[in-house]
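Below, chain A is the first sequence line, B the second, and so on; all start at residue 1. All values below were derived from every heavy atom in this structure, side-chain atoms included, with hydrogens, water molecules and symmetry-related copies excluded.
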Amino acid sequence: MSAKLPTTHLLALAWRNLWRNSERSVVMIGALAIAVAAMLFLIAMMRGLLNDMSQQNLRALPGDLQIHQPGYLDDPSIDYRMPWPSGDLLAELDGVGVARWSGRLSVGAMVASEREARGIQLIGYVPSREGQNSFNEWRLIDGDWPSDDSKGVVVGASLLEKLDTQLGKRIVLTSQGADGEIADIGARIIGVYRAEMAQLEERLVYMALPAMQSMLRSPDDIQQIAIFSRDPSRLLDVQSRFQQLLPSADIQRWDQLNSYLSAMLDNMDAIITVLIVVMFITLAFGLVNTLVMAIFERVKEIGLMLALGLKPTQIALMILAETLVLLLLGIAIGNAAAGLALLSLRDGIDLSAMAEGFAMIGAAPSLTPQFLWRDLWMCNGIVSVLGLACSLLPAWRAAHYSPIEALYRD
Amino acid sequence: MPLSLRLAWRNLWRHQRRTWLTVAAMALCNTLLIFMIGLQAGSYLTMLNNNLAVFSGHLQVQHRDYHDQPKPRFSVANGVALAARLRQLPEVSGAAARGMGFALLSSDKRSKAMQVIGVEAEYEASVSSIPGTLREGQYLSADTPNGVLLGQRSANHLKANIGSEITLLGSGRDGSFAASVLTVVGIVDSGMEEFDRNTVFIRLSDFQDIFSYGDEVSHIALLSASIFEVANTQAAIDGLIADRETLRSLDWDVLMPGLKQAIQSDIASALFIYTVLIIVVVFSVLNNQLMAVLERRKEYGILLSLGVAHRRLIGLLFTETALLALLGLLVGIALGGALNEYFAIVGVQFAGMEEMGEKFNLPARIHPITHPLTLLAGPIIVFIGSVFAALYPAIKLRHLNPVSARAGL
């Protein structure tokens, strides 16, 4: 006699078995749900923080893809410059893969008011190409952004305060010109901005590219081509196309520009996997215990089922199904809880009380969790697969009871 | 051994496998906690020591307004003499006066705006690790008038070597023009990229001449014997400068508020992980004890019928749970302590740590700390949580009716 047990019956049996000791199952499902929810929440926060650090890192000079002369990133000097794009490069830049692009200058400079001197980073950009699109994170609080032919500079509010000067006053900018000689220029402050991080606000000074080119005596030269891609998922393609066009240039994606951040981004998946696995192992002991107990109380019953002709495989499947239902319930509740928590925080968490600490790691004092479906599948997948793996041994043992011994065990 | 303890012990081993699984869950959790807390403590202490010892010092004496508005006019008069007096305090292990200014530095090939720091050459090494990182040439001294010390990166940028002439252009304390020609005498490598890129050192006396400081200095940096004695040292310093109203002392927490907050936010995220780990383990214990109570209904029914009070049975349950938790605690401490000791010798290295090291001036390996606090804090919380987990089974036991329990209902 070979009894066939359809899958639906198997699931029904598993479901009922699970609720025969409802308290035990609820405790286990609760533990699973808490662990899954906490993991998902933590991962989204970690991703959010890293994302924010990468964004902040780019705020000064945004761009999905940035082209420099080799050496510039180590030593941002005017010596590493290139002409404004033309020919094939210009054609590619104006091609389909690129949403918009622009050329920029960025050098270290000294700014002096009548009372104070400070070291700053002077950035020259083409307002008509970038407008406030690139730098829209900066809030202009006074005056105006420059136009293409404007000679004025825009400074951060805290730099203005440090320099002890004000809007409309003149400051002197000094740097090294393209010819190696000292280059200086007097410029009027035409705008004042506020940034999320005081660090940047104190350091970044903006002016129109033509004015800066004439100050540095390098007409038509730039140091950086910033490219905003039309489709972020095709960024790698765009990068390799430009690399073919300019074999000797240093072409970096936004996520490669900072060695610390790119190392973190590269390792993020590994870090998340380790975190989930460690959490799961702690959980696994409880899970195995629950299963072993559930089988232990049912030895007689399993013996009877075997005696009635159920195959060992079907017994094992029944126990695996029971584990699966338990896991899926825990995961579902955990996902829902994490979803609710993340949804309620989607506008970001205000951490301004810790602003300086976040500034130190290069993040803004507001943290927006970043949820990725990939993380959800990874977390759920690891928990389900490892959970089922844990139940294999107990299930196999139960399936290989001798019916007679099991029936008469007390 | 009293009867109840013996009973509890025997009860524990009625299901050996179940007990060991729960003990293993607790032990693993405790091991993880001990290791992670030890590692955190180790990295924070290294981070604090390295960051503060590089430049800022544990404490600084400044003009009252300098910290909020770092302007040249908020300076410390007679700074060198004051530093000498501070150095006499037994609590102070190092003190050195400094001047801070900005200037454009030019070699014959390159120019760059940088921070110019005037240091007391003979005392700077007592508050800062930078003099110890000399790569080439010599440190500033009385024999190096108008000498300048460059960072490795700023030297690369200026394309300057030992003996190169560097022109300095800036503005003095009184708003006058500050200019000088300096000779590179040495190259240091502080290990902090940004700092190295943007900072040069000259002698304090040269600084005072070039920037028209007279006998004024910007601040006096101080180190105390250890980071844990800063409060004491600060009290001693405050006593000494009490007669000078324009001055105040600031500890590292005020000087580098980011440092403490970075540590605090790291602790907060770690606490979140720990809490979840502990909750998961407590649930395991709860399930374990719930099973124990449920399968002993008949037995409890008989005991209750025989006149044993509910109170005794609950006491027995808690004793059993405490024994279980104690096993987890001991195994966990043994494993966690061993793991910590091992890595304290070998060091821990993470992916991305070299880059992080550059950023926070940390060594490439972190060594966890084993201290009674790092060893016991986690396990004791797990222990307490586990004993609490028996509360729910205990409530079930409390409501057990002898007659129905004996019938196994």
* **Salt-bridge present (B:K109, A:D79; N to O < 4.0 Å)** => no
* Got a salt bridge between A:R115 and B:D174, using NZ or NE/NH1/NH2 to carboxylate O under 4.0 Å? -> no
What is the distance from atom [atom1] of [X] to atom [atom2] of [Y], rounded to the nearest 0.5 Å?
{"X": "B:L294", "Y": "A:R24", "atom1": "CG", "atom2": "CZ", "answer": "8.5 Å"}
{"X": "B:F272", "Y": "A:M45", "atom1": "CZ", "atom2": "CE", "answer": "8.0 Å"}
{"X": "B:N287", "Y": "A:S25", "atom1": "CG", "atom2": "OG", "answer": "8.0 Å"}

* Structure fact -> Closest heavy-atom pair, B:S284 versus A:G286, reported as atoms and distance to 0.1 Å, is OG-CA, 3.5 Å
* Minimum heavy-atom distance B:V280-A:A35, with the two atoms named -> CG2-CB, 3.9 Å
Pairs of heavy atoms under 4.5 Å with chain A: top-ranked of [options]:
{"options": "B:R18, B:R110, B:K260", "result": "B:R110"}
{"options": "B:E295, B:R197, B:M114", "result": "B:R197"}
{"options": "B:G175, B:S107, B:A113", "result": "B:A113"}

* Structure fact -> Quick note, salt bridge (charged side-chain N to carboxylate O under 4.0 Å, His left out) partners involving residues 274-293 of chain A, not counting sequence neighbours, are none
* To do: Evaluate the criterion side-chain contact (heavy atoms from CB on, under 4.5 Å) for residue pair B:M291 and A:N21; output intermediate values, then yes/no.
  => CA-CA 9 Å; B:M291 289 303 97; A:N21 196 327; 3.6 Å; yes
Proximal component of [X], with respect to chain A [non-hydrogen, under 4.5 Å]:
{"X": "B:D266", "result": "neither"}
{"X": "B:I273", "result": "both"}
{"X": "B:R173", "result": "neither"}
{"X": "B:L290", "result": "side chain"}
{"X": "B:I263", "result": "neither"}
{"X": "B:Q115", "result": "neither"}

* To do: Using a 4.5 Å cut-off on heavy atoms from C-beta on, say whether the side chain of A:Q176 contacts that of B:S106.
  => no
* Does any non-hydrogen side-chain atom of B:K396 lie less than 4.5 Å from one of A:E23? -> yes
* Which atoms of A:M28 approach chain B - backbone, side chain, both or neither, heavy atom under 4.5 Å -> both
* Asked: Residue by residue, which of residues 19-29 of chain B have a heavy atom closer than 4.5 Å to a heavy atom belonging to chain A?
  -> B:L21, B:T22, B:A24, B:A25, B:L28, B:C29
* **Ring geometry between A:F296 and B:H15 (parallel below 30°, tilted from 30 to 60°, perpendicular above 60°)** => perpendicular
* **Residues which pass side chain to side chain contact (heavy atoms under 4.5 Å, CB included) with A:L73, listed by chain and number, not counting sequence neighbours** => A:H68, A:D250, A:Q252, A:L257
* Intermediate values then yes/no, salt bridge (Lys or Arg N to Asp or Glu O under 4.0 Å), A:D75 and B:R153 -> CA-CA 8 Å; A:D75 179 12; B:R153 287 179 183 80; over 6 Å; no
* Using non-hydrogen atoms and a limit below 4.5 Å, what part of residues 177-186 of chain A faces chain B? -> A:G180, A:I182
